[in-house]
Amino acid sequence: MRFMIFVTGDTHGDRDRFRLNDIKKISSGDTLIVCGDFGYIFSGGESEEEYLNFLAALPFCLVFVDGNHENFDRLESYPVEMWNGGKVHVIRRDGNSNPKVIHLMRGQIFEIEGKKIFTFGGGYSIDKNRRMRGYSWWEREMPTDAEMNEAICNLKENDYAVDYIITHTAPEETMSIFHPFHEEEKRLNNFLEWIRESTQYQQWFFGHLHRDEDFWRNQTVLWSEIRNIETNQVINIAR
Ligand SMILES: [Fe+2]
């Protein structure tokens with residue numbers, strides 16, 4: 001039996017997202033990818049730990065790239081492991097020790113259901129001034145040179161060809177249309193633009209902009225829609 005891969009936008013720790021009937025369309029063995037701003041590992045505490053247990057008990061595997069609104073101290077407190085060809089932090093496992101809630105690290109290429117998926121999280125918080133360092137904002141939201149170099153090495157090893165790209169923010173050309181003034185994030189957007197120019201991909205999914213829309217250059221920005229990664233069809237039930 002072939003399992004399916006689905007992709008959605010920023011969840012921001014919103015507990016309603018996983019109560020919706022839409023989620024019931026995702027079966028055991030399938031994978032749901034969140035394009036950053038996952039937010040379910042943030043302030044800590046019992047309620048958050050219990051909610052992560054609930055997410056781990058969902059039938060499918062829940063995986064995410066990091067966005068800008070994440071608690072990087074907590075994400076990085078998990079050991080780095082290999083999963084389907086790339087580096088991850090395993091947040092939760094099922095009773096058989098299979099990873100169920102997984103952080104996909106930056107610059108990795110994963111093979112899931114025979115599809116190569118390149119991941120690169122991170123972004124800049126435009127609301128940084130209203131946030132507190134180490135409490136609600138972390139410098140690690142933007143990537144390091146080492147993460148960018150690792151991405152280049154992994155893409156080169158795969159002859160600059162993958163099936164899908166999952167990022168939190170967008171390549172420069174696209175970002176400059178949605179947000180003409182984004183100086184602070186440009187280093188990352190330019191890097192993603194370079195990837196767009198050098199790498200073959202079928203579809204690129206990103207979040208960050210809190211909207212659902214198919215855009216040019218096989219790019220799709222996602223927020224609350226859940227898409228089948230292969231068909232790019234929306235599976236949400238109309239509300
Ligand atoms: Fe967001």
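Note that ligands are numbered from 1 as they come in the structure, with each ligand's atoms numbered from 1 the same way. For the single chain, residues carry numbers from 1 onward in sequence order.
The Fe ion (ligand 1) has no N, O or S atom of H168 closer than 2.8 Å.
Geometrically, R227 does not engage F205 in a cation-pi contact defined by less than 6.0 Å to the ring centre and at most 45° from the axis.
The atom of H210 that is an N, O or S and sits closest to the Fe ion (ligand 1) is NE2. Looking only at its N/O/S atoms, D37 has OD2 as the one nearest to the Fe ion (ligand 1).
Ring geometry, Y40 versus F38: the interplanar angle exceeds 60°, so the pair is classed perpendicular (tilted spans 30 to 60°).
Angle subtended at the Fe ion (ligand 1) by H12 NE2 and D10 OD2: 110°, rounded to 10 degrees.
Put simply, the residue from I226, L58, V7, I229 that forms a side-chain contact (heavy atoms from CB on, under 4.5 Å) with L32 is I226.
Defined by atom type and a distance below 3.5 Å, a donor-acceptor pair is missing between the side-chain atoms of T174 and R196.
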